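The block underneath contains the structure these notes are about, expressed in C-alpha cells.
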Amino acid sequence: MIRASGVPMAHGEAQAEIQILRSTVLYLHHQCNKIKLKATTAQLHRDLPPLPPFNNGDQVIADPTSETSMLSRELKRLSARVLERRSFPRLVNLTQNGASQLWLTQISSLQALSRKSKELK
C-alpha cells in the first residue's frame with residue numbers, strides 16, 4: 001500500500017491500518033444503530049417491568065440444622081465430587097503392579113457416588 005504522501009507502507013503497517021479502519025467502521029455502525037434504536041430502547045425501558053430478584057442457591061439458609069439445608073449442602077458436595085470425577089478422570093495402567101486395586105478403588109468410589117445421588121433423589 002502507498003500512503004497519502006506517496007511513500008510505500010510495509011505489510012505489517014498496512015495490516016495495522018486496515019485493522020484500525022475496520023474497528024472504526026464497526027464502531028460507527030454501532031453508534032448509528034444506537035441512535036436509530038434510541039426511541040425503541042427508551043420505550044422498552046419504560047414499558048417492561050424490572051426483573052424480580054431471584055435466589056441463586058448460594059445464599060445462607062437461616063437454620064443450618066434443618067433437613068433442607070443439610071440436603072442442600074450434601075447435594076453441593078456430591079455435585080462437586082461428580083464434576084471432579086467427570087472432568088479429571090484418572091487413567092489406570094493395568095499392566096503395572098497394584099494397578100488393578102487402584103482401578104477397583106476408583107470403580108467402587110464411582111458406584112458410591114451413584115448410590116448417594118440416587119438416595120438424594
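Residue numbers run from 1 in the order of the sequence given. These numbers were taken from a predicted model, which means no experiment stands behind them.
- Of the inter-residue distances, the one linking L21 atom CG with L26 atom CG reads 11.0 Å to the nearest 0.5 angstrom.
- In this structure, the separation between NE2 on H30 and OG on S23 is 13.5 Å, given to the nearest 0.5 Å.
- Annotation: the span from L48 atom CG to Q43 atom CD amounts to 9.0 Å, rounded to 0.5 Å.
- Taking NE2 of H29 as the reference point, atom SG of C32 lies at 7.5 Å (rounded to 0.5 Å).
- Note that the CG atom of L28 and the CD atom of Q31 stand 7.5 Å from one another [nearest 0.5 Å].
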Residue pair E17, E13: steps toward the side chain to side chain contact (heavy atoms under 4.5 Å, CB included) verdict
CA-CA 6 Å; E17 192 76 24; E13 288 179 17; over 6 Å; no

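- Every residue two or more places apart in sequence or in another chain was checked for a side chain to side chain donor-acceptor pair (under 3.5 Å) with Q19, and none qualifies.
- With rounding to the nearest 0.5 Å, the separation of OG1 in T41 from CD1 in I35 is 12.0 Å.
- The side chain to side chain donor-acceptor pair (under 3.5 Å) test applied to S109 returns R85, not counting sequence neighbours.
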